[in-house]
Structures are given as C-alpha cells and as structure tokens.
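Computed from a predicted model, the values in this text were never measured in an experiment.
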Amino acid sequence: MQAQDPSTASQDVATLQSCPDSHERPAATDPEAAGEVAAPASPSAKQLAALARQMRMPLCIASHRRFFGAAPATGFDRRLLNAWFRRNGFQRPWHVYTILHGAAWLVLAPPLFCTVQAQLAGGGAPPPLVAAAHACLATLAAAGLAASVAAMTIDPQDPAVARAREPRNLDYVKTVGIPVIDAGGFCAVCCVVVDSRTRHCK
C-alpha cells in the first residue's frame, strides 16, 4: 500500500466525513420528509487509523513542535496525527539524534581500527596480539550495532495502552508547554493511565 501525501490524506478525511457510516442502520423516518437534514457522520477511529497508516511522514525531524497546534505545520489533519502512532524506530520520521548516532558510528569506527593497527604495528607487537586486538574491537563494534538495531525494533507503545485498547482522543490539540501525559499519568490522547516513566505512550 502506497503512502499518501498530506493533501490526499486530508481529502480522504473530508470524504469520510461526507459519507454515512456503512454500519449505521437507516432511520425509521425519512429526514427529508420530516424537514430535517441529517448531519454527515464523522469517520470512525478505525477508518482514521487506516488512513494514518498511509501518511507519508517527514523523513527527519529535529523537534516535535511541528506536530503541535490545531493546524499542525506538517499539513496533516490533526485527527490523523492523533490516530497515528510509531511502531518502531525505523518508522518515519527519524529523529535527528538517530541519524547522528548512525553517522557517528560509521565515521568513528574505521579511524579507531586504523589507529589501533598503527599503534600496535609501529610498536612491534606480534601478529597474534594485533589479531586479538582487532577481534576485540570488532566484537565490541558488532555488539554495539546489534544493540542499536534491537533497540530500534522495540515497539515504544506503553504496555498499558496496548492492553487497554481504548479509543484515542482524536480531537486533542497538542500545545507547547502542556504535557500530553498529566501528573497523574493519564494520557490525554490514549485515554489511559500509563507508567510514571513513560515519555511516549503512543
């Protein structure tokens, strides 16, 4: 399934809002005959979640503030943003710190190996010692890389949210300076009390 751009996703929300819910039963009386105009049904949370999975998020961000406000700077509908949630660290948008971490590993690892090689070889170290030093460095580097990949595959969603499966508050407006999770641990988007150490309940 291909991702949608903000304008297309917002148009889909408008389309959903203008279409009646297929699961609703028809009214017993005809609204037109009664002189009433039926209000368009709002898209369900399930429909919004399906659209949120199609959102083409920015590749990289340096701050989450662009997702705040009644009209987020991303161009996405606010309700879509509230329905969206991160499933792992490889999902866009990537934080700039994640990119810097990977770049630092790629930039610093080769010079480290070269420096150790030059120091040991220049000091007349026997080949077995040089090989052992490289093996230790390679093991540490591989362990660090494996730990980073494993950490990025973890679902950051708070276990309490996953267990509760409560409908999200799609109309919540994120405001700078007002925590989404209050002092009591209640998340205003997920509508669930999360762990006191939770910083990203979605």
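- Closest approach of Pro179 to Tyr172, counting heavy atoms only: O-OH, 4.0 Å.
- In terms of the side-chain hydrogen bond (donor to acceptor under 3.5 Å, both in side chains) criterion, residue partners of Ser148 (sequence neighbours excluded) are, by chain and number, His101.
- Proximity of a side-chain donor or acceptor of Arg78 to a complementary backbone N or O of Val173 within less than 3.5 Å is not detected.
- Leu140 belongs to no multi-residue hydrophobic cluster, having no ILVMFWY side-chain contact under 4.5 Å with any other such residue.
- Residues Leu108 and Leu106 do not share a hydrophobic cluster, defined by chaining ILVMFWY side chains whose heavy atoms lie under 4.5 Å apart.
- When hydrophobic residues (I, L, V, M, F, W, Y) are linked wherever their side-chain heavy atoms come within less than 4.5 Å, the members clustered with Val193 are Phe186.
- In this structure Asp182 satisfies the salt bridge (charged side-chain N to carboxylate O under 4.0 Å, His left out) test with no other residue, sequence neighbours excluded.
- Residues passing the side-chain contact (heavy atoms from CB on, under 4.5 Å) test with Ala164, sequence neighbours excluded: Glu166, Val192.
- Residues Phe85 and Val189 have side chains not in contact (no heavy-atom distance under 4.5 Å, counting atoms from C-beta outward).
- Side-chain atoms of Arg163 do not come within 3.5 Å of backbone N or O of Asp158 as any donor-acceptor pair.
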Scan the side chains in residues 126-138 for donor-acceptor partners under 3.5 Å anywhere in the protein, sequence neighbours excluded, and list what turns up.
{"unit_1": "His134", "atom_1": "NE2", "unit_2": "Gln117", "atom_2": "OE1", "d": "2.7"}

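- The side-chain heavy atoms of Phe90 and Thr98, taken from C-beta on, include no pair separated by under 4.5 Å.
- Taken together through direct or relayed side-chain contacts under 4.5 Å among Ile, Leu, Val, Met, Phe, Trp and Tyr, Leu100 and Val107 form parts of separate hydrophobic clusters.
- Of all the heavy atoms in Pro167 and Cys191, the pair that sits closest is O-SG, 4.0 Å.
- The CG atom of Asn88 lies 8.0 Å from the CG atom of Asp155; values are rounded to the nearest 0.5 Å.
- Taking CZ of Arg87 as the reference point, atom CD of Gln157 lies at 9.5 Å (rounded to 0.5 Å).
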| request: Start with the C-alpha gap between Arg168 and Cys190, add the side-chain angles, then the distance that decides, and say whether side-chain contact (heavy atoms from CB on, under 4.5 Å) holds. | output: CA-CA 5 Å; Arg168 298 182 187 279; Cys190 297; 3.2 Å; yes
